[in-house]
Amino acid sequence: MCGIAGILHRTEGESVPERSLRQMLGRLRHRGPDEFGILLDHELGLGSARLSVIDLDGGAQPIPNEDESLWIVFNGEIFNHPELRTELEPRGHRFRTRSDTEVALHLYEEYGPKGLNRMNGQFALAVWDARRRRLFLARDRLGVRPLFYAETGRGGLIFGSEIKAILAGRETRAELDPEILGQVFTFWAAPGPQTIFRGIRELPPGHYLTADAASVRIQPYWQLQFPADCERQQQPAPVDEVLEEFRSLLIDACRIRLRADVPVGAYLSGGLDSSMIAALVRGHLPNRLVTFSIAFNDEEFDESAFQRQMAAHLGTEHHVARATHEDIGAVFPEVIWHAETPLLRTGPAPMFLLAKLVHRTGFKVVLTGEGADELLAGYDIFKEDKIRRFWAREPGSRWRCRLFQRLYRDLPGVAQNNGEFLAAFFGEGLRETDSPWYSHAVRWSNNSRTRRFLAAAGESDPASRLISRLPRGFSNWEPLARAQFLEIITFLSPYLLSSQGDRMAMAHSVEGRFPFLDHRLVEFCGRLDPRLKLSALREKRLLRLAAQPWLPSAIAQRPKRPYRAPIHRSFFNPTCADYVNELLSPAGLRETGLFKPQAVAQLLAKLKAGLRCTPADEMALTGILSTQLIHHLFVKTFRAAPGVGGEDRVKVHRRRPAAKLQPALT
């Protein structure tokens, strides 16, 4: 894992200053503190901040090909790199290192952009073609690893693993975009490619970018697909055959994600997904498996009893990060600094504390269970969609809506509700079953209540921007498939893998790996009979069947419990009173001009008085505070970090067309 950065002056022919690359890397130091590398080739500069995981001694970046006409900087892992290397060597490619980075370079040299489809991995990469004077950027299929870019007013392109690196390059400045803020307050995250910062975009998952003096072009190389209803087999394969193939793919996905020259641990939440991953990898490790969990002092959110049960069952060396309300509030400014986007949930904060524990324990790599809920219909939103469609067939029914009482029987007050509230809440837009957003309309409508605090809410229908993201044939997919696709592009990629995943882990130089997101498994699950995902109102049927040989029944059959973290109690305590009061004061709100001070004051009075607050109230509080922090950290007080140098290991390559490359160690 690494952080990468670069600058291309496309039209002016101006050389890239070394100082700019050093400052950009200084802002990425947390992603790769082990060593730094820079390539300067007149109008092009590339940089790498390396976290050494594979080929610890020989994998320094940037890496060239044999004749040094191609150069690469790379963030991530190619898990099938040994197999790809065996394929490339007979074709005449010669390797200087054992790293997967060099494999990615030669794969590009051999196949061009088509080589991306041969990679099984999580990555963001940049390749400089010195002969064609062309820059190539690419990002993995599901967006596990981040990559941002901006086009500058002088005909340039600047990119980086994080937005703060782009800002440190002094080619652009931070300016918040109220239109995108409205999207965040609707979807929980900006679906992209726009970010909260005007003019700074993310390269979409499954896409690549090419830039030269003539143009900047972005193209897809992979798209998640589901079969149309009419394409499904009338007689699906026997469950035993499907189960065997699923287990085989998952086991292999875990196996290749253990490839590293450093120890590998695992997260253990106490739920089905992470427990399954931990159980599968235990037998492939030479030493005792080390696991990591989050425990809350608030019983409403704590799952530590299940975590201890699973750790004991597996015999792991178990470590626990304990998160109090005060802890969450105290680290929230750091969380926002690394997330680089407003948040409507505090869930990333405990993940930040967990990654800190992993780093302190001496680990750089952990396996986690993300992706199973999206691929195998683990979330309640998929059940809501199923119930609403069933209800819509007889919209006048007084009992069909009561299925929500069964779904949410553990929520306070729901089981005793007479059904009128549920009918009103989930009945909004009930008959609009042809809407592409039908599965998510209730959630987005509920979230949009938070937009009443925005001074400028932007477009009235943020979902309309998603139309261009929908694949051809989307309307012909089975309803569950449509819901899964929307969840992946609006929640998994922009929030779960980013704000709560990569950004929190890499804040402490920790690399997360996700076996469920192996593209072979993703594509396999896309073809599954929906009943193997969601059977009646029972989620992840296939995974529960697969888990039987490895997990205790109490874990394998445990109902899904969404991961959540405390919100308002985390911010109204002495630990964070100073920054909360300052940022949410009328003066602080007027300074940014993004929120209505009187409406925010009413919300704060309600929360401080201890009155009952709704989920929308808590999301609004988190969104307002995090946006104010974004403005404070990136617009008002942002400063370029000291550039790498001094005690750092930095290798600078200065490419000269007529002279042999001379590396300089500084």
Side-chain angles (χ1 to χ4, degrees), residues 239 242-251 253-254 257 265-283 289 291-296 301-316 318 347 350-351 354 366-383 407-410 480 484 487-488 491-492 496-497 500-501 512-518 521-522 524-525 528 530-564:
V239 173
V242 177
L243 182 59
E244 181 179 357
E245 185 175 358
F246 176 74
R247 280 176 176 159
S248 176
L249 285 170
L250 184 56
I251 289 170
C254 290
R257 279 163 180 76
Y267 282 169
L268 200 57
S269 70
L272 171 62
D273 310 337
S274 64
S275 297
M276 184 67 168
I277 297 302
L280 292 179
V281 302
R282 179 185 59 165
L289 175 63
T291 52
F292 302 90
S293 294
I294 301 168
F296 293 96
F301 306 92
D302 188 58
E303 298 183 72
S304 57
F306 295 102
Q307 296 161 4
R308 290 192 300 269
Q309 178 185 358
M310 196 61 213
H313 175 77
L314 295 176
T316 71
H318 193 57
M351 299 302 295
L354 182 61
V366 289
L367 271 60
T368 84
E370 273 81 3
D373 288 310
E374 289 77 10
L375 301 181
L376 294 163
Y379 292 132
D380 286 337
I381 197 167
F382 303 126
K383 302 174 189 177
L407 178 58
Y408 292 120
R409 67 183 64 175
D410 294 330
L480 178 58
Q484 287 180 272
E487 190 71 0
I488 287 169
F491 181 74
L492 175 69
L496 197 63
L497 296 178
Q500 194 166 292
R513 296 181 176 183
F514 314 97
F516 283 112
L517 296 181
D518 186 301
L521 199 59
V522 171
F524 172 82
C525 290
L528 284 174
R531 291 169 295 184
L532 288 174
K533 303 173 187 178
L534 187 58
S535 178
L537 293 181
R538 185 62 161 163
E539 75 278 1
K540 295 188 284 197
R541 178 188 172 199
L542 186 63
L543 183 57
R544 293 185 189 281
L545 291 172
Q548 288 177 0
W550 291 286
L551 302 186
S553 177
I555 298 294
Q557 301 305 321
R558 184 186 171 206
K560 169 68 181 179
R561 178 175 174 178
Y563 164 70
R564 298 181 303 124

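One-based numbering along the sequence shown. Computed from a predicted model, the values in this text were never measured in an experiment.
The backbone N or O of A253 lies less than 3.5 Å from a partner atom in the side chain of R257, making a donor-acceptor pair. Using modelled atom types, one side-chain atom of H313 and one backbone atom of W550 make a donor-acceptor pair closer than 3.5 Å. Side chain of R544 to backbone of E539: a donor-acceptor contact under 3.5 angstrom is found. One N or O on the side chain of S293 and one on the backbone of L268 form a donor-acceptor pair closer than 3.5 Å. Proximity of a side-chain donor or acceptor of K540 to a complementary backbone N or O of L272 within less than 3.5 Å is not detected. Side chain of R541 to main chain of K533: no donor-acceptor pair is present (N/O by atom type, distance under 3.5 Å, no hydrogens or angles). In terms of modelled atom types and a separation under 3.5 Å, the side chain of Q307 and the main chain of G270 share no donor-acceptor contact. Remark: side-chain polar atoms of R561 are not paired, donor with acceptor, to backbone N or O of G271 under 3.5 angstrom. With S274 contributing its side chain and S269 its backbone, the two residues share a donor-acceptor pair below 3.5 Å.
Counting all heavy atoms, side chain and backbone alike, G347 lies closest to P350 at O-CD, 3.1 Å. Annotation for L537 and L534: closest pair C-CD1, 4.2 Å, computed over non-hydrogen atoms. Counting all heavy atoms, side chain and backbone alike, L376 lies closest to C525 at CD2-SG, 4.0 Å. Residues Q484 and A377 come closest through the heavy atom pair NE2-N, 4.2 Å. In this structure, S275 and L551 approach most closely via the heavy-atom pair O-CD2, 3.6 Å.
Interatomic distance, CG of D373 versus CG of L496, reported as 8.5 Å (0.5 Å rounding). Expressed to the nearest 0.5 Å, how far CG of L314 lies from CG of L280 amounts to 10.0 Å. Atom CZ of R308 sits about 12.5 Å away from atom OG1 of T291, to the nearest 0.5 Å. To the nearest 0.5 Å, atom OG1 of residue T316 and atom CZ of residue R282 are 9.0 Å apart. Within the model, atoms CG of L367 and CG of L289 stand 9.0 Å from one another, a figure rounded to the nearest 0.5 Å. R247 CZ to L542 CG: the interatomic distance, rounded to the nearest 0.5 Å, is 8.5 Å.
Within a 6.0 Å radius of CZ in R538, more than 12 heavy atoms belonging to other residues, nucleotides or ligands are found. In the displayed structure, E244 atom CD is contacted under 6.0 Å by at most 12 heavy atoms of other residues, nucleotides or ligands. Surrounding OH of Y379 are more than 12 heavy atoms belonging to other residues, nucleotides or ligands, all under 6.0 Å away.
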Report task. Take L250 and I277 through the test side-chain contact (heavy atoms from CB on, under 4.5 Å) and record every step on the way to the result. Result -> CA-CA 9 Å; L250 184 56; I277 297 302; 4.0 Å; yes

Query - Evaluation steps, side-chain contact (heavy atoms from CB on, under 4.5 Å), between F516 and E374 - result: CA-CA 10 Å; F516 283 112; E374 289 77 10; over 6 Å; no

Report task. Take F246 and L521 through the test side-chain contact (heavy atoms from CB on, under 4.5 Å) and record every step on the way to the result. Result -> CA-CA 8 Å; F246 176 74; L521 199 59; 3.9 Å; yes

Query - Derivation and outcome, side-chain contact (heavy atoms from CB on, under 4.5 Å), residues D273 and Y267 - result: CA-CA 10 Å; D273 310 337; Y267 282 169; over 6 Å; no

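Residues L532 and L243 have side chains not in contact (no heavy-atom distance under 4.5 Å, counting atoms from C-beta outward). M351 is listed as a side-chain neighbour of I294, based on a closest heavy-atom distance under 4.5 Å. Contact annotation: the side chain of F292 never approaches that of H318 to less than 4.5 Å [non-hydrogen atoms, C-beta and beyond]. D518 places none of its side-chain heavy atoms less than 4.5 Å from the side chain of L249.
Side-chain atoms of Y563 and E303 form no donor-acceptor pair, as typed in the model, at a separation below 3.5 Å.
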